[in-house]
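Written below as structure tokens is the structure these notes are about.
As the structure is a computational prediction, the values presented were derived from the model and not from experiment. Proteins come first, then strands; the chains are lettered A, B, ... in the order of their sequence lines, and each starts at number 1.
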Number of protein chains: 2
Amino acid sequence: MLKEERHRLILREVNIHNKVLIADLTDKFDVSEDTVRRDLHELANSGKIQKVRGGALSKSYSGYSYHEQDIYAYREKNLIARKAVSLLKDGMLVLISGGSTNLEIARLVPPELKVTFLTVSLSTAMQLLEHPVSETIFIGGQLSKSAKISVGGEVIGKLSEVRPDICFLGTNGIDASAGITESDWEVVIVKKAMIQASSKVVLCAIAEKLNTVQRIKVCDMSQIDLLVTELDPQSELLTSYRNTGVQLA
Amino acid sequence: MLKEERHRLILREVNIHNKVLIADLTDKFDVSEDTVRRDLHELANSGKIQKVRGGALSKSYSGYSYHEQDIYAYREKNLIARKAVSLLKDGMLVLISGGSTNLEIARLVPPELKVTFLTVSLSTAMQLLEHPVSETIFIGGQLSKSAKISVGGEVIGKLSEVRPDICFLGTNGIDASAGITESDWEVVIVKKAMIQASSKVVLCAIAEKLNTVQRIKVCDMSQIDLLVTELDPQSELLTSYRNTGVQLA
DNA sequence: AAAAAAATTGCAAAATCCTGCAAAAAAATG
DNA sequence: CATTTTTTTGCAGGATTTTGCAATTTTTTT
């Protein structure tokens with residue numbers, strides 16, 4: 001087994017399960033503990049993982065000292081994110097918004113994939129920077145204190161100049177008849193522009209948010225190409241959405 | 001189960017539910033009470049949670065928590081930042097770059113002060129958003145993986161359109177004769193543009209960085225209006241800088 | 001005041017890590 | 001192709017960290 005190959009597999013493992021144990025790896029690769037230890041050290045020194053006693057953990061990105069709020073319903077969001085990243089292909093231009101689901105997507109982008117990300121979210125951007133090869137472009141503008149994303153005319157202008165292949169959107173309210181809704185006016189404007197700009201719009205939401213409605217409308221379900229939830233696409237909880245014609249995953 | 005892994009999960013648990021019980025954790029992790037107790041102690045000693053009898057409580061009130069102990073030379077940087085924020089006046093347009101000193105400045109902006117910040121740094125922006133009344137505008141562009149700031153032509157263009165009253169600059173290399181130097185080409189370009197744009201340039205650096213030179217030059221000392229260090233402005237360590245005519249604080 | 005629960009302390013076993021070294025494998029060189 | 005150089009790997013030892021246990025003390029509850 002080649003060193004590079006081990007490194008690749010280790011990275012994949014860490015990205016999916018958030019941790020690896022030295023014991024597991026020695027077993028899996030059939031090499032000595034020392035070799036695995038050295039592998040982990042190298043990966044850690046190049047900043048790809050965090051070495052800890054007994055194994056390694058995924059790198060909790062902490063540029064300086066900034067502690068991302070811990071994620072509610074992590075398991076579900078992780079599952080959604082895994083479905084979402086499988087849509088990515090080399091060379092794509094990807095527009096991605098904020099929120100914890102998108103943060104998880106950003107974290108799970110396969111290390112070898114080379115795409116260009118466009119984002120308006122500070123946290124998402126911070127996470128995307130951890131990716132070894134992909135490029136990240138932040139769309140600047142006035143920052144919204146509540147959503148921690150760029151908002152305003154500047155952003156809308158920039159969005160009208162690009163044509164992303166795919167757009168990952170999070171949301172608070174999703175309902176088969178009311179469509180996608182949000183509570184923050186400025187955020188709605190930006191999301192509308194994001195949808196407008198993109199060839200394909202992927203909406204990510206945990207089942208808990210299904211059939212909820214917020215105050216301001218972003219768009220109809222018809223504008224969404226693909227809806228990703230943690231549920232099985234066949235689930236009957238999704239029936240009303242299936243009837244709108246949206247694709248499910 | 002790895003120790004670090006437990007620590008992370010404990011933090012997540014504490015931050016979501018505001019408390020944890022030792023009994024719950026021993027059960028969840030399948031380790032002895034003593035081990036959990038020790039885990040909680042360590043987290044408490046590093047200031048991340050508050051240890052109480054039978055468990056632990058959350059310590060951080062908002063989503064953004066800040067751990068001074070993992071900033072290098074925190075005391076010095078805090079002192080510098082306190083001097084720096086005293087330069088701020090209501091209504092100013094303030095340009096601020098990245099780095100831990102600027103992060104500390106952002107943290108110490110008096111809550112009632114109403115200024116508009118312009119920044120290219122993700123971490124600084126994130127911190128500035130915590131401020132109750134000030135506005136923050138992020139200058140977008142391609143993000144540099146190493147410096148975590150926007151770089152490239154887009155940024156230079158935007159910087160040429162503004163005229164900030166004051167600019168807070170951090171740096172790695174500062175020397176009375178060699179001037180301000182950095183090691184990253186892209187960052188140098190941005191800093192040059194920041195200096196060009198601003199009416200007043202304030203350079204913040206800890207004494208440790210005095211008389212050090214990096215590979216690429218940003219500007220001469222003559223372009224700096226004010227140099228802020230943690231030292232007394234009269235200190236003889238600053239003599240050579242005083243001779244360049246720069247103001248000291 | 002007694003009983004129960006939690007914390008502290010010291011200790012020893014187990015697991016993990018580090019260092020240096022030499023054999024094996026791979027790559028480069030003539 | 002043979003030889004040299006470099007890289008990778010496994011191993012032995014000693015050091016360090018982690019962990020659970022038991023005995024004792026402190027705090028809380030009844």
Evaluate side chain to side chain contact (heavy atoms under 4.5 Å, CB included) for B/L210 paired with B/Y241, printing each intermediate quantity in order. CA-CA 9 Å; B/L210 292 176; B/Y241 297 92; 3.8 Å; yes

Any side-chain donor near an acceptor of the partner, A/N102 and A/S121, under 3.5 Å: no

For A/M1 and D/dT8, give me the distance from atom CE to atom P, rounded to whole Å. 16 Å

Any donor-acceptor N/O pair under 3.5 Å between D/dT18 base and A/R53 side chain: no

Could you tell me how far apart B/H7 (NE2) and D/dT17 (P) are, to the nearest whole angstrom? 14 Å

Could you state the CG-P distance from A/L25 to C/dT16, rounded to the nearest angstrom? 12 Å

Do the side chain of B/K145 and the main chain of A/H131 share a donor and acceptor less than 3.5 angstrom apart? yes

Would you check, one step at a time, whether the test side chain to side chain contact (heavy atoms under 4.5 Å, CB included) holds for B/L40 with B/L25? CA-CA 10 Å; B/L40 295 183; B/L25 293 176; 4.2 Å; yes

Can you tell me the distance, in whole Å, between the CG atom of A/D24 and the P atom of C/dA15? 15 Å

Residues in residues 27-45 of chain B with a heavy atom under 4.0 Å of DNA chain D, by number, are B/V31, B/S32, B/D34, B/T35, B/R38

Using whole Å, what does the distance between atom C1' of nucleotide D/dT8 and atom NZ of A/K3 come to? 7 Å

Rounded interatomic separation in angstrom, taking CZ from A/R6 and P from C/dA25: 14 Å

Starting at CD of B/E4 and ending at P of D/dT17, how long is that distance when rounded to a whole Å? 14 Å

Indicate the ring-plane relationship of A/F138 and B/F138, choosing parallel, tilted or perpendicular according to the 30° and 60° boundaries. tilted

Side-chain donor-acceptor contact under 3.5 Å, A/N172 with A/S183: no

Euclidean distance, B/S100 OG relative to B/N78 CG, rounded to 0.5 Å: 12.0 Å

Any salt bridge (charged side-chain N to carboxylate O under 4.0 Å, His left out) involving residues 4-21 of chain A? Give me the pairs, sequence neighbours left out, ordered by first then second residue. A/R6-A/D39, A/E13-A/K28, A/K19-B/E5

Please confirm whether the backbone N or O of A/I139 pairs with a side-chain atom of A/S150, one donor and one acceptor, at under 3.5 Å? yes

Quick one: stems involving DNA chain D, counted as three or more successive Watson-Crick or G-U pairs, both distances short of 3.5 Å. C:1-30 with D:1-30

